[in-house]
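Input: a single structure, listed below in structure tokens.
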Amino acid sequence: MTPRITIDEAGKHAGETVQIAGWLYNLRRSGKIAFPILRDGHGLMQCVAVKSSLPEELFETVKNLTQESSIIVTGKVRAEQRAPGGYEMDLEGLEVVQRVTEADPYPITPKDHGTEFLMDHRHLWLRSQRQHAIIRVRHAVIKAVRDYFDSHGFTLVDTPIFTPAACEGTTTLFEVDYFDDNKAYLTQSGQLYNEATAMAFGKTYCFGPTFRAEKSKTRRHLTEFWMVEPEMAYAGLEDVKRVAEEMLVYIVGHVLETRAEELKRLERDVAKLEAIQAPFARMSYDEAIRILQAKGSEIQWGSDFGGADETLLTEDQKGPLMVDRFPASFKAFYFEPAPDNPDVVLGVDVLAPEGYGEIIGGGQRIYDLDLLLKRIEDHKLPKEAFDWYIDLRKYGAVPHGGFGMGIERCVAWICGLEHIRETIAFPRMLYRLRP
RNA sequence: UCCUCAGUAGCUCAAUGGUAGAGCAUUCGGCUGUUAACCGAAGGGUUGUAGGUUCGAGUCCUACCUGAGGAGCCA
């Protein structure tokens, strides 16, 4: 029986007759020779069908194949400079699994298409070379994230998606019915639960989908996105910054090592990724405000950065920039105040270079019971909803901290994409719920 | 939610207020090394929807719908 291989293995089978199962990517033909190009999810393989050396019926079948028809081809693999990928198959046999009809041809042609059309056909768009490369980089990013935490003493403890109330009380939540007359909300962060798991396991991380019902309509926002959130007991702001830095360096290194081909297809300038090395630039919020004002920004102390401010701050940076010690006024209730200045908190944002903006936000959490109670009251949050969270400050409270990283923003940066929507198979955005 | 821009063939786009067109895709024909193959021919339209101005509207005006980019907010 003919061995079945995938296209990425073709180099190991030069000179052998093998079988490949896939889909017709493109077909060029003249009267007596045809070049069907097969796609199998691992690569592209150009096949050669010569009329004079094949049964007439088989040549006719090949000549009349339609784009994206599913086929299983048999033939001899041969090194060939002229073929994309460097190998070519001399076709000997072909089985059509399902033929796409002429009456209803594959909608995505090798020509240009607009965003709306491609998004409406996202389920098919994923077959294209560019989308394939992006999703493969995403996989590598996720694997690197898991490998990093798994090999640094973190335990994976995933947090719930249904939550009883706001984690942070600020952003808008998706509300769902939860039996009888109860309401549940889709999680916007696993952090508060992570603080509990860190007290049980020392170092933990969760990795899962996150939901934000904000009506944001920009190239950096999804309503459903994936976030990795580590949390560490007996840790302070400097520990959080060190882990974030190590993790990012590890992720970029892993992608460079394992996805060079994909980055090339995306025309990513890898020199910019190779420059991502520790230590990252660090500055305080105070310093950032001085720099922004010197560069002509209207920003005043006490306001969060706008998108333009983030770009101004990072334009001179080769790597990510860490900004810490933010005013307490616009940060969430749980941040630990700086011991030397109660107006600022021990939070840190990591801004990606090249204008990609904030990819990580985190910091040190409050562990003093009275201070936490005061902050909950100041933020006018319902104390009852936080009873279990408050418990953590009664039973062996310790300094602790962590951060959250948006996977899609990280992938968009590493791939050098214009828009975050291409970094997830089926993006959920304001006004976009299909397919 | 606000601001800006766009909507014409299956797709990407053209068309001074005066007969709606091209490339790709599809169908038919040709071509033995193609690289988004090429050459010839054919079919394909309620110009987003509803009103209005005008002798005449794809084009001008109003409202709505859909989409894109940005703002605010955030990862």
Side-chain angles (χ1 to χ4, degrees), chain A residues 25-37 44 46-54 59 63-64 66-68 80-85 88 90 100-121 124-125 128-129 167-168 170-173 187-191 209-229 244 303-310 330-332 349-352 356-362 403-413 418-421 423-424 429-432 434:
Chain A
Y25 180 71
N26 197 9
L27 174 68
R28 284 183 283 270
R29 64 187 167 94
S30 61
K32 291 169 186 166
I33 187 167
F35 300 93
I37 298 181
L44 293 180
Q46 173 165 288
C47 304
V48 189
V50 178
K51 187 177 184 178
S52 58
S53 56
L54 288 174
F59 187 76
K63 222 177 77 176
N64 292 313
T66 45
Q67 192 188 359
E68 286 300 319
E80 170 58 68
Q81 287 293 320
R82 289 172 287 185
E88 191 170 76
D90 290 316
V100 176
T101 63
E102 284 85 359
D104 195 3
Y106 188 69
I108 301 179
T109 67
K111 283 276 180 177
D112 292 335
H113 298 284
T115 304
E116 185 184 3
F117 179 80
L118 289 170
M119 289 302 293
D120 285 342
H121 295 84
L124 304 177
W125 189 20
S128 73
Q129 294 295 292
C167 289
E168 305 183 12
T170 51
T171 41
T172 324
L173 296 162
T187 183
Q188 59 181 342
S189 166
Q191 186 209 309
T210 301
F211 307 87
R212 304 269 166 102
E214 289 161 351
K215 294 199 168 181
S216 300
K217 189 171 165 43
T218 81
R219 67 182 74 191
R220 299 184 309 280
H221 287 89
L222 298 170
T223 55
E224 175 183 317
F225 64 97
W226 286 65
M227 188 155 69
V228 59
E229 295 176 274
S303 309
D304 203 354
F305 307 131
D309 295 319
E310 290 184 348
F330 64 81
K331 285 287 177 184
D349 283 356
V350 181
L351 306 180
Y356 280 92
E358 186 182 348
I359 53 171
I360 287 178
F403 63 84
M405 180 178 78
I407 290 293
E408 288 78 9
R409 284 190 182 177
C410 181
V411 173
W413 160 52
E418 275 292 302
H419 202 296
I420 197 170
R421 66 184 156 224
T423 62
I424 186 166
M429 297 176 292
L430 185 63
Y431 310 135
R432 170 69 67 177
R434 284 167 190 277

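Each chain gets a letter, A, B and so on, in the order the sequences are listed, and its residues count up from 1.
Nearer the 5' end of RNA chain B, as judged by each residue's closest nucleotide, is the contact made by A/G114, out of A/G114 and A/P105. Toward the 5′ end of RNA chain B lies the nearest nucleotide of A/R421, the other residue of the pair A/R421 and A/E310 mapping further downstream.
Residues passing the salt bridge (charged side-chain N to carboxylate O under 4.0 Å, His left out) test with A/R82 are A/E80, sequence neighbours excluded. A/E418 is linked by a side-chain hydrogen bond (donor to acceptor under 3.5 Å, both in side chains) to A/R219, counting only residues two or more places apart in sequence or in another chain. Taking the salt bridge (charged side-chain N to carboxylate O under 4.0 Å, His left out) definition, one finds that A/E88 meets it with A/R78, sequence neighbours left out. Here A/S53 pairs with nothing under the side-chain hydrogen bond (donor to acceptor under 3.5 Å, both in side chains) rule; sequence neighbours left out. Annotation: side-chain hydrogen bond (donor to acceptor under 3.5 Å, both in side chains) contacts of A/R220 (sequence neighbours excluded): none. A/T66 pairs by the side-chain hydrogen bond (donor to acceptor under 3.5 Å, both in side chains) definition with A/S69, not counting sequence neighbours.
The nearest whole Å value for the distance from the CD atom in A/E68 to the C1' atom in B/rA36 is 15 Å. Rounded to a whole Å, the CG atom of A/D309 is 13 Å from the C1' atom of B/rA71. The distance between atom CZ of A/F35 and atom C1' of B/rU32, rounded to the nearest whole Å, is 8 Å. Distance, A/Q67 CD to B/rC11 P: 15 Å, rounded to whole Å. Computed from coordinates, the A/K32 NZ to B/rU34 C1' distance equals 16 Å when rounded to whole Å. Following rounding to the nearest Å, A/L173 (CG) and B/rC73 (C1') show an atom-to-atom distance of 13 Å. In this structure, NZ of A/K51 is placed 15 Å from P of B/rG33, rounded to the nearest angstrom. Straight-line distance from the CZ atom of A/R409 to the C1' atom of B/rC74: 6 Å, rounded to whole Å.
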Under 3.5 Å, side-chain donor or acceptor atoms of residues 221-228 of chain A against the rest of the protein: list the pairs with distances, not counting sequence neighbours.
unit_1 : atom_1 : unit_2 : atom_2 : d
A/H221 : ND1    : A/T218 : OG1    : 2.7
A/T223 : OG1    : A/R428 : O      : 3.0

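Taking atom P in both B/rA36 and B/rA71, one finds a spacing of 37 Å when rounded to whole Å. Nucleotides B/rG51 and B/rC13 place their P atoms 29 Å apart, quoted to the nearest Å. Taking atom C1' in both B/rU34 and B/rA68, the straight-line distance is 37 Å, to the nearest Å. Look at the P atom in both B/rC61 and B/rU16: the space between them is 15 Å, to the nearest Å. Comparing B/rU8 with B/rG21, their C1' atoms sit 10 Å apart, to the nearest whole Å. Taking atom P on both B/rG43 and B/rU1, the two are 47 Å apart, rounded to the nearest angstrom. Taking atom P on both B/rG17 and B/rG7, the two are 15 Å apart, rounded to the nearest angstrom. Rounded to whole Å, the separation between the C1' atoms of B/rG45 and B/rA15 comes to 14 Å.
Taking the side chain as every heavy atom from C-beta outward, A/R432 and A/R421 never approach each other to under 4.5 Å. Residues A/D349 and A/K331 have side chains in contact (heavy-atom distance under 4.5 Å, counting atoms from C-beta outward). Under the 4.5 Å side-chain criterion, counting only non-hydrogen atoms from C-beta, A/R29 is not in contact with A/K51. Looking at heavy atoms from C-beta onward, A/Y356 lies out of side-chain contact with A/C410 at the 4.5 angstrom threshold.
Looking at heavy-atom distances under 4.0 Å, A/H419 makes contact with sugar-phosphate atoms alone, never a base. Counting non-hydrogen atoms under 4.0 angstrom, A/S52 reaches a base of the nucleic acid. As judged by a 4.0 angstrom heavy-atom cut-off over every strand, A/Q46 is placed among the base-contacting residues. Base contact: A/L222 has a heavy atom under 4.0 Å from a base atom. Looking at heavy-atom distances under 4.0 Å, A/D349 makes no contact with the nucleic acid at all. Using a 4.0 Å heavy-atom criterion, one finds that A/M405 contacts no nucleic acid atom at all.
Between the side chain of A/R29 and the base of B/rC38 there is no donor-acceptor pair of N/O atoms closer than 3.5 Å. For A/H113 and B/rC11, a side-chain-to-base donor-acceptor distance below 3.5 Å is absent, hydrogens and geometry of angles not being considered. Contact annotation: side chain of A/E116 to base of B/rU66, donor-acceptor pair absent below 3.5 Å. A donor N or O paired with an acceptor N or O is found under 3.5 Å between the base of B/rG33 and the side-chain atoms of A/E88.
Side-chain atoms of A/I420 lie closest to B/rA75 of the nucleotides B/rC73, B/rU32, B/rA75. Minimum atom distance to the side chain of A/E214 is reached by B/rC74, of the listed B/rU26, B/rC74, B/rU34. Considering only the side chain of A/H221, B/rC73 comes nearest among B/rU26, B/rC73, B/rU32. Of the candidates B/rA68, B/rU34, B/rA75, B/rA75 carries the atom nearest the A/E358 side chain, counting heavy atoms from C-beta on. Of the candidate nucleotides B/rU34, B/rU32, B/rC74, B/rC74 has the atom nearest to the side chain of A/R220.
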Any N/O pairs under 3.5 Å between the protein and nucleotides 1-10 of chain B? List them or say none.
unit_1 : atom_1 : unit_2 : atom_2 : d
B/rU1  : OP1    : A/K215 : NZ     : 2.7
B/rU1  : O4     : A/K215 : O      : 2.9

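Between A/F225 and B/rA75, a base-stacking contact is recorded: ring centres under 5.5 Å apart, planes less than 30° from parallel.
Using modelled atom types and a 3.5 Å distance limit, the side chains of A/H113 and A/T109 yield a donor-acceptor pair.
Both key distances under 3.5 Å define a Watson-Crick or G-U pair, and stretches of 3 or more such consecutive pairs in RNA chain B run B:1-7 with B:65-71, B:10-13 with B:21-24, B:26-30 with B:38-42, B:48-52 with B:60-64.
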